[in-house]
Structures are given as structure tokens and as C-alpha cells.
Amino acid sequence: MSFLRLKRGIGRTSAITALLGLALWASPMGLTTADARTPDEDVQTTSLIGSYLAGRFARADHETGKAATFYKSALARDGDSDVLLEQAFLMDASEGNWPDALRLAERLVAKQPKHRMSHLVLGLSAFQEKSYERAAKHFKAAGSGPIGELTSLIARAWVEQAQGRTARALDLLKSRRQADWAQFYLSYHSALIADLAGRSGEARAAYEKIFRQDSRTLRTALAYARHKA
């Protein structure tokens, strides 16, 4: 029985009833019981639906490590499920379990070439490995939606700076396509990059601009103070 068919079946009853009837005990349909343990106790589950429901409840309780383990247990039983794959990836990434998160991200982009968060994580990994061309490709692919476009732009600017191309980095951050609220973040990163590159005049101008806009944000105040010092 596929995950989607199981999920549709659960929708006919409440989540609590489904959890008790299917995950903890045994349902009249003959689904096996899930043996739920914490990740520290080597979680083992024996049912697809039990693992999925346990993952949902763990996520709701902000137990991301447990949720990741349960979702991956379910994924082992239904490897074609985009839902399970995405949830397992998000939980591993949230927990900072990068080896598993990266493997799942690779699988996600193979199935969903425009999956923003997967590209972002893969881009960060490539950046750390100094594979700047690959990082830029992933960051560009992650630029969907207003937040995605802004994040992609900033990340690509840092890729340029990492290669010593400060002028290109700052040019990227001068984008006029971004909304007014996004200009604050673009100016902030322009100041950081100019400061790092030793272009003090440009950095000072950018810091003064963002400080006039908002003098109460701690990170910008601290960055401006370091620059002035």
C-alpha cells in the first residue's frame, strides 16, 4: 500500500484516533505496530504509517531529531514519496544533521529541480568546499519567490567576494528589482563586503545609510561599531 493511499485513509479519522489505532496498537486493517524509540535508543519502526504519524507528532512537539528519524524510517518503506523525502530533509537540516540532509537534498533536486531549500543547502555545502561555480548555480536555482530571490542574490554576492571579485559582488547587491523592505538587507551586506575588502569609504556610506533607516537592530549596530573602531 503506497504512502499516498495510507495518507488518504487517515484523513477519514482524527489524527489522535489514527495514531492510537494504527501506530501504537494494531488497526483492523492489519497494519503492524510501530516500535517508537528516541534517536538515542536507535529508533526502529515496523510500519509505514506508524513512522509517518510519529514523525508528525514529533515535529509538532519540536522534537526535530526524533521527527527526522521517524520520517527516514517511513521513507525506507516508501522511497518514492515526495512528502516523506521533503519532511526528512527539512528535519535533518533543522537538526544540523548535514551528512543526511545533503544526501536527501540531492535526491530532492533530482525529483524536484526547483526545490528552493535543497538548492540552498547544497549551495552552502559547495561554498564551504570552495566549489564556487557549483555554489553559484545552486544559489541561483534557489531564487524563487520574494524571500528566495533576496537570499539568492545575497548568497551569490558572497560567492563573488570569496573569489576576490568585490566589484561584481557589490554590483549584484545594487539590484533595483528588490522591494523597498529588501533594500535594507542589500545595504547591510554591501557594507559587510566592502568592509571585508578594505573599501572603507563604501562601507561607511552603506553603514550610515542602514543606521539612519534603523538604529535599533543589534547586528547592524554592532557591525557599524566594529567598522568605526
Side-chain angles (χ1 to χ4, degrees), residues 86 89-90 92-110 112-229:
E86 182 176 46
F89 160 70
L90 291 173
D92 269 331
S94 299
E95 191 67 11
N97 183 7
W98 299 118
D100 282 1
L102 289 169
R103 285 192 290 269
L104 293 169
E106 292 282 7
R107 290 175 61 181
L108 260 176
V109 296
Q112 300 179 35
K114 295 183 179 181
H115 194 276
R116 182 168 65 88
M117 289 302 298
S118 294
H119 279 295
L120 184 60
V121 167
L122 291 171
L124 290 170
S125 176
F127 184 88
Q128 185 179 37
E129 295 170 359
K130 298 184 179 180
S131 298
Y132 297 126
E133 185 176 343
R134 185 158 52 92
K137 181 179 179 181
H138 281 301
F139 288 143
K140 189 172 184 178
S144 59
I147 299 296
E149 288 180 7
L150 177 62
T151 305
S152 172
L153 197 62
I154 291 171
R156 285 158 52 208
W158 280 105
V159 170
E160 294 293 343
Q161 174 59 26
Q163 298 173 87
R165 299 198 287 251
T166 303
R168 291 180 63 175
L170 294 174
D171 283 343
L172 272 175
L173 296 174
K174 291 176 182 176
S175 172
R176 299 301 176 192
R177 293 178 53 194
Q178 297 295 314
D180 289 343
W181 61 266
Q183 296 301 323
F184 177 86
Y185 299 97
L186 296 176
S187 296
Y188 173 61
H189 284 272
S190 294
L192 294 176
I193 287 174
D195 220 353
L196 183 63
R199 299 170 71 153
S200 299
E202 292 176 73
R204 183 168 58 254
Y207 281 127
E208 289 174 351
K209 178 182 178 181
I210 60 177
F211 202 68
R212 284 195 301 269
Q213 289 178 299
D214 181 4
S215 61
R216 297 175 298 174
T217 300
L218 182 59
R219 71 173 65 182
T220 55
L222 289 174
Y224 189 25
R226 283 194 296 268
H227 168 77
K228 295 288 282 186

**Request:** State, to 0.1 Å, how close Leu170 and Ser190 come at their nearest heavy-atom pair, and which atoms those are.
**Result:** CD2-O, 3.6 Å
**Message:** Nearest 0.5 Å, please: how far is CZ in Arg204 from CD in Glu202?
**Reply:** 10.5 Å
**Asked** Residues two or more places apart in sequence or in another chain: which of them pass salt bridge (charged side-chain N to carboxylate O under 4.0 Å, His left out) with Lys114?
**Response** none
**Prompt:** Less than 4.5 Å apart, any side-chain heavy atom of Leu192 and any of Trp158?
**Reply:** yes
**Asked** Got a second to check how far Phe211's CZ is from Ser187's OG, nearest 0.5 Å?
**Response** 14.5 Å
**Request:** Search all heavy atoms of Thr166 against all heavy atoms of Gln161 and return the closest pair with its distance.
**Result:** OG1-OE1, 2.7 Å
**Request:** State whether the side chain of Gln163 and the backbone N or O of Val159 hold a donor-acceptor pair below 3.5 Å, judged by distance alone.
**Result:** yes
**Fill in**
Looking only at heavy atoms, the pair that brings Ala206 and Ala191 closest together is CB-CB, 3.6 Å
**Request:** Measure across His115 and Val109 and return the closest heavy-atom pair with its distance rounded to 0.1 Å.
**Result:** O-CG1, 4.5 Å
**Message:** Would you compute the distance between atom CG of Leu108 and atom CZ of Arg116 and round it to the nearest 0.5 angstrom?
**Reply:** 13.5 Å
**Prompt:** Side-chain contact, heavy-atom cut-off 4.5 Å: Leu186 with Leu150?
**Reply:** yes
**Request:** I would like to know whether Lys130 and Tyr132 meet side chain to side chain contact (heavy atoms under 4.5 Å, CB included); could you show each step before the answer?
**Result:** CA-CA 5 Å; Lys130 298 184 179 180; Tyr132 297 126; 3.5 Å; yes
**Any Phe139 side-chain heavy atom under 4.5 Å of Ile154 side chain** = no
**Prompt:** CD of Glu129: more than 12 outside heavy atoms within 6.0 angstrom?
**Reply:** yes
**Complete:** Heavy-atom nearest pair, Thr220 first then Tyr188, reads CG2-CD1, 3.6 Å
**Request:** Without swapping roles, check the side chain of Ser94 against the backbone of Leu90 for a donor-acceptor pair under 3.5 Å.
**Result:** yes
**Request:** Could you tell me the separation between the CG atom of Asn97 and the CZ atom of Arg103, rounded to the nearest 0.5 Å?
**Result:** 7.5 Å
**Request:** State, with a plain yes or no, whether a side-chain heavy atom of Arg156 is found less than 4.5 Å away from one of Leu153.
**Result:** yes
**Asked** His227 vs Tyr224 aromatic rings, parallel, tilted or perpendicular, using cut-offs 30° and 60°?
**Response** parallel
**Request:** Measure across Ala167 and Arg199 and return the closest heavy-atom pair with its distance rounded to 0.1 Å.
**Result:** N-NH1, 3.7 Å
**Request:** Please round to the nearest 0.5 Å and tell me the distance separating atom CG of Asp214 and atom NZ of Lys209.
**Result:** 14.0 Å
**Item:** By salt bridge (charged side-chain N to carboxylate O under 4.0 Å, His left out) - contacts of Glu160 (at least two apart)
**Value:** Arg165, Arg168
**Fill in**
Rounded to the nearest 0.5 Å, the NE2 atom of His189 sits from the CG atom of Leu196 at a distance of 13.0 Å
**Contact check, side chains of Tyr185 and Gln183, non-hydrogen atoms, under 4.5 Å** = no
